[in-house]
Amino acid sequence: MSAFSLSQALAWIKAAAQSIDANAAHLSELDAAIGDGDHGANMARGMAAVTKKIDSAPPADLAALFKSVGMTLLSSVGGASGPLYGGFFLELGKQSAGKTELDAAGLAAVLGAGLGDIRRRGKAEPGDKTMVDALIPAIDALAAASDLAQGTAKAAETARAAATATAPMLARKGRASYLGERSIGHQDPGANSVALLFAALAQACA
Amino acid sequence: MSAFSLSQALAWIKAAAQSIDANAAHLSELDAAIGDGDHGANMARGMAAVTKKIDSAPPADLAALFKSVGMTLLSSVGGASGPLYGGFFLELGKQSAGKTELDAAGLAAVLGAGLGDIRRRGKAEPGDKTMVDALIPAIDALAAASDLAQGTAKAAETARAAATATAPMLARKGRASYLGERSIGHQDPGANSVALLFAALAQACA
Amino acid sequence: MKKLINAPEDVVREALEGMQAAHADRLRICFDPFYVVRKDATAKGKVALVSGGGSGHEPMHGGFVGYGMLDAACPGHVFTSPTPDQMYEAGKAANGGAGVLQIVKNYTGDVMNFDMAADMLRDEGIAVESVLTDDDVAVEDSLYTAGRRGVGLTVLMEKLLGAAAEKGMDLAGLKALGDRIRASGRSMGMALTPCTVPHLGKPSFELAENEMEVGIGIHGEPGRHRVPIAKADEVAAMLMEPVLSDLPFKAGESIILFVNGMGGTPLIELYIVYRKAAEIAAKHGLTVSRSLVGSYITSLEMAGTSVTALRCDDTLLGLWDAPVNTPALRWGV
Amino acid sequence: MKKLINAPEDVVREALEGMQAAHADRLRICFDPFYVVRKDATAKGKVALVSGGGSGHEPMHGGFVGYGMLDAACPGHVFTSPTPDQMYEAGKAANGGAGVLQIVKNYTGDVMNFDMAADMLRDEGIAVESVLTDDDVAVEDSLYTAGRRGVGLTVLMEKLLGAAAEKGMDLAGLKALGDRIRASGRSMGMALTPCTVPHLGKPSFELAENEMEVGIGIHGEPGRHRVPIAKADEVAAMLMEPVLSDLPFKAGESIILFVNGMGGTPLIELYIVYRKAAEIAAKHGLTVSRSLVGSYITSLEMAGTSVTALRCDDTLLGLWDAPVNTPALRWGV
Ligand SMILES: Nc1ncnc2c1ncn2[C@@H]1O[C@H](COP(=O)(O)OP(=O)(O)O)[C@@H](O)[C@H]1O
Ligand SMILES: Nc1ncnc2c1ncn2[C@@H]1O[C@H](COP(=O)(O)OP(=O)(O)O)[C@@H](O)[C@H]1O
Ligand SMILES: [Mg+2]
Ligand SMILES: [Mg+2]
Ligand SMILES: [Mg+2]
Ligand SMILES: [Mg+2]
């Protein structure tokens with residue numbers, strides 16, 4: 001596949017909602033180990049609200065879709081991931097304004113702007129053991145690809161590996177940072193939800 | 001032995017204190033099953049206070065000893081057993097006023113008066129699953145004897161058997177009564193402390 | 001045994017020392033024998049309200065000593081009725097010349113000990129009356145038994161009589177009012193977990209992960225029935241229905257509804273229970289005129305709840321609304 | 001999971017329905033989105049105080065809405081920061097024309113969500129300031145981390161700023177006062193047992209019968225150290241010494257001392273902890289001028305305690321003593 005348009009985007013969000021729902025308990029367990037055990041419930045609640053929203057008011061274009069996803073996540077997720085993912089999708093909406101199709105590089109640029117919003121808001125550096133640690137390499141992998149299907153597949157693979165690789169990190173942001181040394185040895189829940197989002201993206205673009 | 005005087009009485013109280021202390025956990029466990037789990041602690045605290053009291057102010061005669069025991073139990077035991085045992089010993093004190101020696105029948109009469117106080121205060125009938133169920137047959141056994149040593153030994157044996165025999169009863173007085181049918185199958189804690197008191201009495205009169 | 005204590009034998013004294021330190025502005029605590037009394041002497045001519053009972057039910061009773069409620073409280077050992085000498089000394093310390101009203105929960109031990117103390121006070125020429133609470137519908141009542149336990153109604157009784165005493169009601173009036181309150185209130189409780197008496201060191205009964213006890217008292221004793229755990233709404237119904245049908249409360253009546261926590265249950269759950277309890281009351285045609293939600297009469301760290309309904313008229317509502325100023329219950333002042 | 005709830009997804013709404021039913025005389029609760037606001041509109045010219053945070057910490061924050069404390073509170077899901085739309089709606093509902101002061105516990109989620117809400121309110125021309133609490137000394141502070149958690153100090157902050165707002169202090173003054181309070185208070189907590197988030201259905205960590213966690217927060221997260229269970233006096237020392245040496249509090253200073261229960265710990269134990277905590281404060285030459293003992297900022301049914309010390313002068317003591325009338329904290333009115 002060579003272009004990412006509204007139908008892929010809708011497929012992405014729906015696949016992501018299903019995957020988050022199926023993996024909610026696992027995400028919450030990851031969060032229970034080094035946080036407060038709600039990441040799966042937060043994300044599942046948010047993605048369920050998103051599904052309901054776009055089913056009841058189908059968005060006309062990419063920008064409208066992403067804005068709707070962002071606003072819905074903002075008002076339904078809460079916690080740290082609510083504003084971070086909410087802001088991420090709102091930024092995706094802004095960046096795709098007027099666009100109907102994105103190629104691999106274009107999608108990577110839009111996602112990169114979303115990542116920028118997360119980093120501005122959360123001030124996490126690479127290695128701080130957050131979702132940022134999965135987002136950076138995944139988006140880099142997509143940016144380096146020329147084909148959308150291959151690029152998103154590679155990005156999904158990279159995100160998964162990066163999420164796993166957060167285990168040995170010492171958390172310096174979010175709740176896990178309160179644990180200090182005891183955060184070491186557990187994967188970051190947010191990096192894992194990122195991995196699920198990229199797997200859904202690859203699926204939608206396959 | 002043919003007579004019960006101050007030295008036997010002192011030996012009785014001391015042996016009782018030791019035995020209650022050694023069996024406190026057991027008495028509390030019996031109480032935990034059908035009451036509130038404090039009978040052993042209550043009695044042990046009371047008998048420890050009694051020991052301390054009569055060591056520091058040795059009573060001159062039977063009446064003074066029993067009054068001191070009664071007053072001390074009253075102000076240190078609490079719960080249902082505090083006023084019951086306290087009143088019992090106060091009555092023993094009144095009944096032995098002016099007496100220096102009691103034979104088996106005399107002791108049985110004094111103890112019977114104490115039992116009368118318990119029954120006036122607590123209004124328990126035989127079969128209500130209380131200390132009364134051990135006191136009545138034990139005192140009867142002593143009253144039927146002519147020899148003090150044999151009589152107290154028989155009374156101790158009877159009290160022990162009577163305490164065990166409270167198990168199938170349905171409690172109608174005290175906390176165990178709140179359990180209704182569920183009180184059946186457990187021995188009454190107060191009947192068991194009575195059995196310990198009579199064993200100590202037999203020991204002191206042996 | 002997981003408790004924030006030092007040694008079992010020091011629990012009551014040390015908790016009283018903590019209370020004394022935290023509330024030195026308003027309470028005086030006597031340590032030999034144990035009693036808690038208002039710092040300011042009882043006003044001349046005001047009847048002194050004295051209550052007491054085993055410890056482990058905090059804030060009851062010590063936390064209810066203060067303006068508009070108790071004048072003195074006697075804490076016993078954990079779950080053990082205090083002794084007559086405590087009640088006697090507390091009564092003497094609190095007496096303002098207009099006599100002493102004892103508020104006694106109906107337990108064999110409490111009743112006998114308070115009776116003895118009353119006799120001792122009367123021997124000194126102090127007028128004494130006693131009011132009993134025996135509101136627990138989980139216990140079958142009968143002439144031949146110890147009768148019903150005093151539970152949640154005791155909190156309401158202490159508040160209402162405290163207000164009446166503050167307004168100058170005399171001893172006979174308080175006794176009559178107390179008897180009326182006794183006849184107008186009913187309670188029932190349940191436990192999700194048992195509690196551990198410090199000197200026993202282990203739970204007073206065992207409950208599986210899927211079991212709860214219905215019809216428990218406040219002394220860690222097992223309840224009347226052991227049933228599978230149920231939803232909060234079902235629990236509220238299991239408690240409210242027997243409470244409402246016992247008196248019985250009748251459609252059109254007004255009640256004070258009290259949802260109490262047993263010590264280990266957090267407030268968020270009590271509000272969930274209250275929600276349904278209020279709904280059930282409404283379904284029975286009752287008007288919930290006042291409510292109280294919180295852990296006021298507890299059973300150490302037991303998780304569970306009890307509900308109390310008290311039929312009330314304007315007199316009782318006026319007394320309920322009157323100012324109260326104690327460590328645990330305070331309004332209007 | 002032993003809880004008095006119906007379904008995990010209904011916990012927050014049903015507890016709010018219970019609160020609404022129990023406190024209809026004084027609170028209004030909006031259910032879409034969730035917020036709790038005083039029934040009477042904020043007085044014209046009074047700054048509106050808005051706080052909020054995850055549920056599971058009851059009575060905080062909804063129980064602190066009322067005269068002399070908060071104007072509105074936003075409850076999130078259990079242990080989850082509420083969302084900007086709740087905070088925005090609550091701010092709009094509470095605004096009395098003199099602006100909104102947000103009281104925010106320092107958690108990444110709470111801070112970001114409140115920031116967004118502040119922007120939304122400012123877009124409507126409403127002046128907004130925020131005060132942070134980050135008093136938990138168990139968390140090492142650093143420029144590169146999320147910083148310290150806001151815990152027990154939040155309760156004192158809400159009381160003190162509430163009193164100042166009631167006296168007519170303007171937004172800038174409240175912000176400055178809040179920052180001063182933030183800089184003057186420290187806390188630390190411990191747990192004897194974990195708690196269970198309803199939708200997780202099992203404890204967030206495991207503790208053996210002889211273990212406790214020291215340095216816990218209020219979200220069921222494990223603490224900094226796992227150690228063998230200790231006596232109450234040792235626990236008080238483990239918490240008080242780091243708290244007092246962190247600021248540091250200096251001999252001769254006056255403090256408000258707050259001993260808090262985590263939800264499953266009964267009051268009798270809190271008084272035992274308070275006893276030693278006050279003794280330790282005195283040993284450090286501090287004067288305990290006011291005290292608060294009870295479960296005010298909880299972590300569901302967790303058993304444990306936290307201590308908070310706040311350095312105070314006559315201004316703060318005056319604000320502490322000022323009347324407050326909320327479901328959970330009330331005096332002077
Ligand atoms: N400052 C931050 N920057 C980026 N990501 C963060 C930051 N703080 C937290 N996160 C992410 O949010 C995740 C936790 O989300 P969630 O559990 O839903 O919220 P909360 O921590 O408020 O309970 C973490 O695993 C982490 O990936
Ligand atoms: N009305 C009564 N008459 C006689 N004995 C009683 C009565 N009520 C209780 N008892 C006795 O007291 C015992 C319990 O004593 P204890 O546990 O010390 O007091 P409490 O029941 O107040 O906790 C019971 O086992 C029973 O033998
Ligand atoms: Mg989380
Ligand atoms: Mg007992
Ligand atoms: Mg007892
Ligand atoms: Mg959270």
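Order of the sequence lines fixes the chain letters, A, B, ..., with proteins taken first and strands second; residue numbering starts at 1 for each chain. Values in this document were obtained by computation on a predicted structure and should not be read as measured data.
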Please determine, among [options], the option with the most heavy-atom pairs under 4.5 Å with chain D.
| options | value |
| --- | --- |
| D233(C), D25(C), N210(C), I229(C) | D233(C) |
| E279(C), K3(C), E269(C) | E269(C) |
| L267(C), D10(C), I5(C) | I5(C) |
| T298(C), L300(C), V293(C), N325(C) | L300(C) |

Which heavy atom of [X] sits nearest a heavy atom of [Y], and at what distance?
| X | Y | answer |
| --- | --- | --- |
| V11(D) | I272(C) | O-CD1, 3.7 Å |
| G18(D) | Y274(C) | O-CD2, 3.6 Å |
| S291(D) | A22(C) | OG-O, 3.1 Å |

Need one label for I268(C): side chain, backbone, both or neither, based on atoms under 4.5 Å from any heavy atom in chain D.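 Answer is both: backbone and side chain atoms of I268(C) are under 4.5 Å from chain D.
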Can you tell which part of M190(C) gets under 4.5 Å to a heavy atom of chain D, answering side chain, backbone, both or neither?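 Only the side chain of M190(C) comes within 4.5 Å of chain D.
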Answer whether the closest heavy-atom distance between the side chains of [X] and [Y] falls below 4.5 Å.
| X | Y | value |
| --- | --- | --- |
| L207(C) | K2(D) | yes |
| R275(D) | E14(C) | yes |
| E301(C) | T265(D) | no |

Can you tell me how far NZ of K276(C) sits from CG of L4(D), rounded to the nearest 0.5 angstrom?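 Reported value, rounded in 0.5 Å steps: 14.5 Å.
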Between atom CG of L329(C) and atom CZ of R330(D), what is the distance when rounded to the nearest 0.5 Å?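 One gets 10.0 Å once the value is rounded to the nearest 0.5 Å.
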Please identify, among M1(D), E234(D), E209(D), Q20(D), the residue contributing the most non-hydrogen atom pairs under 4.5 Å to chain C.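 Going by pairs under 4.5 Å, I would pick E209(D).
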Before we go on, tell me: are the rings of H23(D) and Y271(C) under 6.0 Å apart, centre to centre?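 Yes, close enough.
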Where does V333(D) contact chain C at under 4.5 Å (heavy atoms): side chain, backbone, both or neither?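 For V333(D), backbone heavy atoms alone lie under 4.5 Å from chain C.
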